[in-house]
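One structure is given below, encoded as structure tokens.
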Amino acid sequence: MGDKVRFFGPWQRLTAQLWLLALVALLFADIEVISVDPWAELSRLALGVISPDFFATEFLLSALWQTVNFALLGVAFGIVLGGPLALVYQHPFVAASCAMVRGVHELFWALLFLQIFGLSPLTGILAIGLPYGATFARVFHDILAQSPSTTERGLPFNTDPLSRYVYGRLGHVYPLMLAYIRYRFECALRSSAVLGFIGMPTLGFYLETAFRQGQYSEGAALLMLFILLIGTISLWAKKNLIPVYLLAALWTIPDIGIIDGGLLWRFVFYDLLPPGIQGVIYTQMELSDGLNQFYQWLASITINQALPGVFATVILALSALGLSHLVALIAHLVASQHSGSKYRAVAGQLGLLVLRSIPEYILAFVLMLLIGPSMLPAIIALALHNGALIAFLLVKQEQGITPSATYKKRADFFAYEILTRVYPNLMGLLFYRFEVMLRETAIFGILGVATIGFYIDSAFAEIRYSNALYLLAVTALLNVVIDFSARKLVARQVEDSIAHGRSCIT
Amino acid sequence: MLRLEALTLSYGDRKVIKDLSLSIEQGEKVAIVGASGVGKSTLLAHIYTQLNSQAAYCAQSQGLVDALSVFHNVYMGALARHHFGYNLLNLIRPQTHRINEVSELCSALLLDVALNKTVSELSGGQRQRVALARALYQQQSTFIGDESFSSLDPVMAQQLIAQVLSRHPTVIMVLHDCQMALNYFDRIVGLQDGEIALDAPSQILQPEHLIAFFDRKVGSVSDNGG
């Protein structure tokens, strides 16, 4: 007969592709439950959650305070670094360098600086500030590019360039920048907490101790305080108080200690050099022998560590992407004001707050204690955190939507009227978060999942710094490549408006 | 002061102004009239680039910065007069002297809003007066305005135009109000299809002569004249 009517549009196609990818990835993923008795552990954890012990550690307040300190100083350093870089970001060299710096997770930066500065606060501040600075550079540059040029054109002739820039450009977009800094500060609190896992005096340090020793009441108390801290940011992080906090942070941060120049020199110009090259420079090795040794090393580490690590990282991240999509859909339905009673929406939004406040790393750590060291805890942790974050942003977005007069608060009406409106944004956010998921996936290696971070962590542990450096570079490159291709994919599928707004709301 | 010879301006590949010659002397009050899309704004923007540092320009697009306060938006007219350090200081902490100047200017323009209010909270008419205040605050000898009174009621528009005329020896303004052009300006230039179709002293003109240069119907022209 005539032409078949097609209902399979671009969004359906994108969703199907996403799920196909995730399912294929799941085939390769190691998702066994290894723990002997996960239910016993789970019930002990549940018991801990309902009986939190706020007086178990005397360091509770100090841990919270130091968590805020590191986040605050890290973000401040990031702004000082990224602000000026945003002005020259159009230069390909600057953009590429920033992308590489961003591609390495805070925790890896911390592992690197740990070798140089030891447990000095400098390690924590630099580990947060450096990748955040690189992110600020890109986002500020994108935001500045959005500012309209009409004002600049109408300014009096002979206005000096700086005033022209500040009043004509910055004036338009500084609220967007402030909003973004506020959002990044929340992220920095999470990063700061996680840095405790490698020895910084922040919340993660005490969390790890408590959970490893099975003291769930104490661990639950720490987590609850952390969620409260993040949930009430708008109440305690007032604009006027920021300088006071910054001064207090500088005052109360642990002593920086002495930086050993000789050690720094040795680390950069000896330890980081790969085998072969090191020999040629320092031990009169023949150039051909050196190159040969270097090649052997490069081939071995690439085949035995970098490639399997990258493969596992991508597999894990793709599986998590599919599950995040599912979690985002369900969480959005539960927490939406358009789908159920007001009380359910409030309860749902509270749940979203809890899930998005806990860093993926800590979620995965706890899940791993429960169900054993496979990829499963990591996948679930990523999906819960990112799905909840996306649902939270969607709930915020849909406040502007007024449903039709015949609307009923039911899942079917919801799917027709609300979901269809926010779906492009959901997909945009999901693909944007993929970059973040990939970064987080890598650090799960420190927890024992065989992603590339596992090999990096081992290299540091074995004091093979050249191996660590090479694997870090591979991680950075992987992130840059994925970021670039995800951006291309999203730019093709998602309308411009969403792609533009993305940098500001995520 | 201004001399344009055989000027042609294009917008994309469409010629907006064709072979136009116009000269304006210091002290003249010139109204430019014409139906919409005839090239008035393009011509005006070009005149501004010619006169640059002698003229204040109040564009139709206003160029207000929504996130900044009324004070800051007006103060932007004075950016060229001050050192950048002083401009930055005023951004963070407006100086009393400047606040007084801006406040005086705003009350002269019947703009009765708090100076620390952000421009995004203002109505269309208020925004237009902020843009006007910014142009006046440039304190130039020549004022170039592009329909600067379009969203104001006629009574207020007349008071404001008096302010503009008293503060600037030379005024070049695009207008969409026939009676205002005849009453307040010495010379009227009418554009049609990118060319000058009328250039005459306003004393010798009657509203009927200007009908072709406005979008409205005949009736409304005489209504305004009444």
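All chains are named by letter (A, B, ...) in the order of the sequence lines, taking the proteins before the strands, and each is independently numbered beginning at 1.
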* Charged N to carboxylate O below 4.0 Å: is that the case for Arg3(B) and Glu25(B)? -> yes
* To do: May I ask you to check whether Ser163(A) and Asp160(A) show a side-chain donor-acceptor distance below 3.5 Å?
  => yes
* Heavy-atom distances under 4.5 Å only: say whether Leu155(A) touches chain B with side chain, backbone, both or neither. => both
* **Per-residue contact mode, Pro175(A) against chain B (heavy atom under 4.5 angstrom)** => side chain
* Answer yes or no for Arg164(A) and Phe84(B): cation-pi contact, defined as NZ/CZ to six-membered ring centre under 6.0 Å and angle to ring axis within 45°. => no
* Let me know if Arg134(B) has heavy atoms under 4.5 Å from chain A in its side chain, its backbone, both or neither. => side chain
* Using the six-membered ring of Tyr89(A), assess whether NZ or CZ of Arg138(A) lies under 6.0 Å from its centre and within 45 degrees of the ring axis. => no
